[in-house]
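For clarity, every value in this text was computed on a predicted model and none was experimentally measured. Within every chain, numbering begins at 1; the chains are lettered A, B, ... in the order of the sequence lines, protein sequences first and strands thereafter.
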Amino acid sequence: MEDRIYKLWEESGFFNPDNLPKLANGKERTKPYCIIMPPPNANEVLHLGHALMTTLEDILIRYRRLQGDATLWLPGADHAGFETQVVFEKKLEKEGRSRFQFDRETLYQMIWDYVQENKDVARNQLKRLGASCDWSRNKFTLDKDIVRIVYQTFEKLCKDGLIYRGPRIINWCPKHQTGLSDLEVKYEDREDKLWYIKYPIVELKNPPPVSFDASRGGQSSLRGGSKNSSPPLGGVRGDFDYIEVATTRPETMLGDTAVAVSPKDKRYKKLVGQRALLPLMNREISIVADSAVEMEFGTGAVKVTPAHDATDFEIGQRHNLESISVIGRNDKMTAAAGAVYAGLPIAEARKKIVEDLEAQGFLMKEEPYRHSVGVCYKCGRVIEPLVSEQWFVKIKPLAERAVKAVKKGEVKFISAKYEKIFQHWMANIRDWNISRQIVWGIRLPVWYCLASPDSTQQDEKSCYVISDQKPKKCPKCGATEFVQETDTFDTWFSSGQWPFATLQTTNAGDFEKFYPTAVMETGWDILFFWVARMIMMGFYATGQKPFSQVYMHGLIRDKDKKKMSKSKGNVVNPLAVVDENGADALRMALVFNAASDSDLPFNEDKVVAQKRFANKIWNAARFSLSNLAGFNPENIKPKFTAADKQILKDLGEVIKKVTKDLDSFNFHEAAQSAYHFFWHQFCDKCIEDVKKRIKEPRSELDKTTAQYVLWKVLGDSLKLLHPFMPFITEAIYQEMPYKLHQALIVETWPAE
RNA sequence: GGGCGCUUAGCUCAGUUGGUUAGAGCGUCGCAUUUACACUGCGAAGGUCUGAGGUUCGAGCCCUCAAGCGCCCACCA
């Protein structure tokens, strides 16, 4: 049944706003209403979250279509750069292969082919769920015209001075060999150790070796952290022999270029500006005062490794410190770590350094320490902060516009709670690293100038040209030979442009007609990743907001409120549920129970309940239709009984309520009202009453009146239920004896 | 360290600006009917709305505090 109905809709062309019929009053549909679908990953099998998204958006679209709007629901697919590449890498690993065996072009082609294989999966799944989106406007994030727009935006950002490239500390995932944005790093509590190391003050030419002795070295002031105690290990006659630092990562000390203390810390005042000698490396480093240092923590003095810690990097910038990378991208110590340690994996280097420090008397003590560690959100490997050349967007100017728009209500969050979260994040936003060292994505349109044609060296990347094609000559340096940047954009950089990029590349006039779009409906988990960026980039690129309203739905959890994940094995395949109970039942179950802006536990019982409802609808319709053969409401002057008047009044009220609730995104209330009315007022009372009057009519007029009531209430109920349960309502509508339109999907929303 | 949210029937949750006897789905119990529909109908049991205090003629809803649970953000070495 469902396939047949979907085909009927598709063939009618009613998913396409250009093909929608005129309104019942003969007027054109003038009011545009557009939702851009959050594009599912192109290689992905849909999960219940997608089913919820599809249901909510389809409800809105179908409701607005019935209201007479020119509705466009624009579907698409996302290449999902890093996500997809990770999936593909896993597949390679299973086959005993590795991404690093392939050159760039081969790997890209392999992933491309892989995605093509799965391309139609999601699309067919969406159809099974009843999504009334316009497939003729389907877009893919790697379509050439989309890529062109992404390039245009990048160029504009460059021209406006909002893009910079430079060595910055980034979150490096050693497994995936790419930098990640701050949002892609998750934090886990780990049991670790805190090592206390002393760095001799340089004035003492030959610091006397001190043997490792915790009882002597670890002073009570360090353990207790008392603010008023004297500085750790103050030397004889009030001078310092050394300064003591605490660290969880002793191996990074090889790259230390300073020791920092709080500017407010009186204990160390004398030392600021002096120099310390870095143990093991015998390198002199400076002692600086920086407000990033908490005087209460540890010894109040911190070793500064600009190359391997984000905070230290910033301290380094403020004090012009040198940045020495002692850990490489391969998780091993570099040559800069010194001959003794170069080439060692991090863990071994750490072990050896602690041993050496202890042997040489620099290790004061070690203590267990619990703290949070950044890990890759995909593989869980500890993130290695590294300094690397990356591309950044200066985000503050973009953020300011977005913050203002939301504050003024230009862009309205349906749930105020998400607006708060949004504003809080925007207020603390940091520059956005948009380059990724992966191949699956949109390659940066950057061409580095080669100094001389015969040179293949590309480490002098000081001059480059922004162009989507290989440039002929650099206008700045005159170079004629170039090498293209190998980095690709963060997927969200292109996704952030999705609302305008899609509408600018579909039919002519679409952008003018449908932008800004009406609603952005998506899961709250991508508020920062996506919604915030769309608002920022929409304003930046088009001067307009990308959408007027934001509705964020919750996560679907399992019946024990646990997050669904493949590893837990509690993932529900929506299509299996559809096969078992029908798409209508699943859709209704997803919106019926709870407000969909908070997380929803999923339970198959809920679907079964709605399957029963569908059955009830079916049977009520069967009864009604069998008693309405040849019925025509025209030229009937019904004489209503008290019961008739009551049900018509109730019908008016439920129409009013459902309309109001759909206008305010109260999907569950709208669903419950329609459900309750249909079952307990129409079926239980009205049909029972009408049944008798048709079987044993008191008069011919009473019989036609009863038929009229049946026809009217059933017809309007179908319209009310259609956004939620489109298949069964359309199937019944097609059997109705008297209908004004070709299909229910383009009927007129009932008036109270 | 900051911020947000939740706590209502056995379970999952509604309850829109404070206004009679606090609702739904599922589950439980009793009765009825072979019916458009047993994927049914009628009815019943089941709640000191987390706790304490306050505002009010009136509080599940507003305010304060407390407890439990959950989530988000953050540069604690």
Side-chain angles (χ1 to χ4, degrees), chain A residues 169 182-183 185 187 192 194-197 245-250 252-253 256 259-260 290-305 308-315 369-372 374 385 415-425 427-430 524-525 527-528 554-555 557 559-561 563 581 585 588-589 592-627 657 660-661 664 666 668-669 671-673 675-676 679-680 683-685 687-688 690-691 694 710:
Chain A
I169 193 102
D182 293 344
L183 285 173
V185 179
Y187 290 87
D192 239 320
L194 197 56
W195 285 272
Y196 291 80
I197 307 166
V245 298
T247 182
T248 53
R249 304 206 51 197
T252 63
M253 70 165 287
D256 282 5
V259 170
D290 194 284
S291 55
V293 180
E294 290 287 336
M295 48 192 279
E296 284 81 13
F297 188 90
T299 63
V302 59
K303 59 192 270 315
V304 181
T305 322
H308 298 292
D309 182 278
T311 309
D312 292 5
F313 184 82
E314 285 170 13
I315 295 175
Y369 183 60
R370 192 172 175 79
H371 66 144
S372 70
S415 299
K417 63 177 170 182
Y418 292 121
E419 181 173 332
K420 278 188 198 170
I421 295 171
F422 169 85
Q423 292 293 18
H424 185 257
W425 188 71
N428 299 300
I429 197 166
R430 309 178 70 177
W524 60 253
D525 52 328
L527 171 60
F528 305 140
L555 262 46
R557 296 172 180 275
K559 60 180 182 333
D560 303 316
K561 294 188 190 179
K563 205 168 172 176
N581 304 288
M588 193 65 167
F592 189 79
N593 282 276
S596 23
D597 65 345
S598 54
D599 288 0
L600 313 159
F602 180 82
N603 187 336
E604 193 132 0
D605 288 351
K606 294 175 179 177
V607 187
V608 172
Q610 297 307 326
K611 187 185 174 185
R612 284 186 201 164
F613 180 49
N615 182 256
K616 190 77 181 173
I617 297 173
W618 190 252
N619 282 301
R622 206 153 56 97
F623 169 81
S624 305
L625 293 173
S626 69
N627 287 293
K657 172 118 175 61
K660 188 177 153 227
D661 284 335
S664 51
N666 276 321
H668 67 283
E669 294 232 26
Q672 289 189 20
S673 303
Y675 174 100
H676 189 265
W679 198 315
H680 300 298
C683 293
D684 293 350
K685 298 202 175 75
I687 288 189
E688 291 307 318
V690 164
K691 200 189 280 179
I694 290 177
L710 206 54

Q) Between the base of B:A77 and the side chain of A:Glu296, is there a donor-acceptor distance below 3.5 Å? A) no
Would you say [X] places a side-chain N or O within less than 4.0 Å of OP1 or OP2 belonging to [N]?
{"X": "A:Lys420", "N": "B:G5", "value": "yes"}
{"X": "A:Tyr369", "N": "B:A77", "value": "yes"}
{"X": "A:His680", "N": "B:G25", "value": "yes"}
{"X": "A:His371", "N": "B:A77", "value": "yes"}
{"X": "A:Arg557", "N": "B:U12", "value": "no"}
{"X": "A:Lys616", "N": "B:U40", "value": "no"}

When we call it a touch if two heavy atoms are under 4.0 Å apart, what does [X] touch: a base, just sugar-phosphate, or nothing?
{"X": "A:Asn603", "result": "nothing"}
{"X": "A:Val245", "result": "nothing"}
{"X": "A:Phe313", "result": "nothing"}
{"X": "A:Phe613", "result": "nothing"}
{"X": "A:Ala310", "result": "nothing"}
{"X": "A:Glu294", "result": "base"}

So which nucleotide does [N] pair with, by the Watson-Crick or G-U wobble rule with both distances under 3.5 Å?
{"N": "B:C76", "value": "none"}
{"N": "B:U34", "value": "none"}
{"N": "B:C62", "value": "B:G54"}
{"N": "B:A14", "value": "none"}
{"N": "B:G68", "value": "B:C6"}
{"N": "B:C49", "value": "none"}
{"N": "B:G43", "value": "B:C29"}

Length of the [atom1]-[atom2] vector between [X] and [N], whole Å:
{"X": "A:Glu688", "N": "B:U40", "atom1": "CD", "atom2": "P", "value": "14 Å"}
{"X": "A:Asp599", "N": "B:C13", "atom1": "CG", "atom2": "P", "value": "10 Å"}
{"X": "A:His424", "N": "B:G1", "atom1": "NE2", "atom2": "P", "value": "15 Å"}
{"X": "A:Trp618", "N": "B:A36", "atom1": "CH2", "atom2": "P", "value": "17 Å"}
{"X": "A:Tyr187", "N": "B:C72", "atom1": "OH", "atom2": "C1'", "value": "14 Å"}
{"X": "A:Tyr196", "N": "B:C76", "atom1": "OH", "atom2": "C1'", "value": "12 Å"}
{"X": "A:His668", "N": "B:G15", "atom1": "NE2", "atom2": "C1'", "value": "8 Å"}
{"X": "A:Asp661", "N": "B:U17", "atom1": "CG", "atom2": "P", "value": "13 Å"}

**Q.** 5' precedence on RNA chain B between A:Glu669 and A:Lys685 (nearest-nucleotide basis)
**A.** A:Glu669
Q: By nearest nucleotide on RNA chain B, pick out whichever of A:Lys303 and A:Phe528 is the more 5' one.
A: A:Phe528
Listed pairs under 3.5 Å, donor-acceptor, residues 612-622 of chain A side chains, sequence neighbours left out:
unit_1, atom_1, unit_2, atom_2, d
A:Asn615, OD1, A:Asn619, ND2, 3.1
A:Asn619, OD1, A:Arg622, NE, 3.4
A:Asn619, OD1, A:Arg622, NH2, 3.0
A:Asn619, ND2, A:Asn615, O, 3.0

Q. In this structure, are over 12 heavy atoms from other groups packed under 6.0 Å from A:Lys417 atom NZ?
A. yes
If you compare all heavy atoms of [X] against all heavy atoms of [Y], which two are closest, and at what distance to 0.1 Å?
{"X": "A:Val293", "Y": "A:Ala260", "answer": "CG2-CB, 3.7 Å"}
{"X": "A:Pro385", "Y": "A:Arg249", "answer": "CD-NH1, 4.0 Å"}
{"X": "A:Pro601", "Y": "A:Lys606", "answer": "O-NZ, 2.9 Å"}
{"X": "A:Trp195", "Y": "A:Thr248", "answer": "CZ3-O, 3.5 Å"}
{"X": "A:Lys303", "Y": "A:Thr247", "answer": "CD-CB, 3.5 Å"}

Between [options], spot the one nearest the side chain of [X], thanks.
{"X": "A:Lys417", "options": "B:A36, B:C72, B:G5", "result": "B:G5"}
{"X": "A:Asn615", "options": "B:A36, B:C39, B:A77", "result": "B:C39"}
{"X": "A:Lys691", "options": "B:C73, B:A36, B:G41", "result": "B:A36"}
{"X": "A:Leu183", "options": "B:C37, B:C73, B:G25", "result": "B:C73"}
{"X": "A:Phe592", "options": "B:A77, B:A14, B:G25", "result": "B:G25"}
{"X": "A:Ala609", "options": "B:C26, B:C73, B:C71", "result": "B:C26"}

In whole angstrom, give me the gap between the [atom1] atoms of [N] and [M].
{"N": "B:U56", "M": "B:C62", "atom1": "C1'", "result": "10 Å"}
{"N": "B:C6", "M": "B:G10", "atom1": "P", "result": "22 Å"}
{"N": "B:A22", "M": "B:G46", "atom1": "C1'", "result": "13 Å"}
{"N": "B:G47", "M": "B:U21", "atom1": "C1'", "result": "14 Å"}
{"N": "B:G58", "M": "B:G19", "atom1": "P", "result": "15 Å"}
{"N": "B:C71", "M": "B:C13", "atom1": "P", "result": "14 Å"}
{"N": "B:G54", "M": "B:G15", "atom1": "C1'", "result": "24 Å"}
{"N": "B:C61", "M": "B:G23", "atom1": "C1'", "result": "15 Å"}

Q.
A:Phe623: which residues meet the ring pair (Phe, Tyr, Trp, His ring centres under 6.0 Å) condition with it, sequence neighbours left out?
A. none
Q: Specify whether A:His680 and A:Tyr675 have parallel, tilted or perpendicular ring planes, treating 30° as the upper limit for parallel and 60° as the lower limit for perpendicular.
A: perpendicular
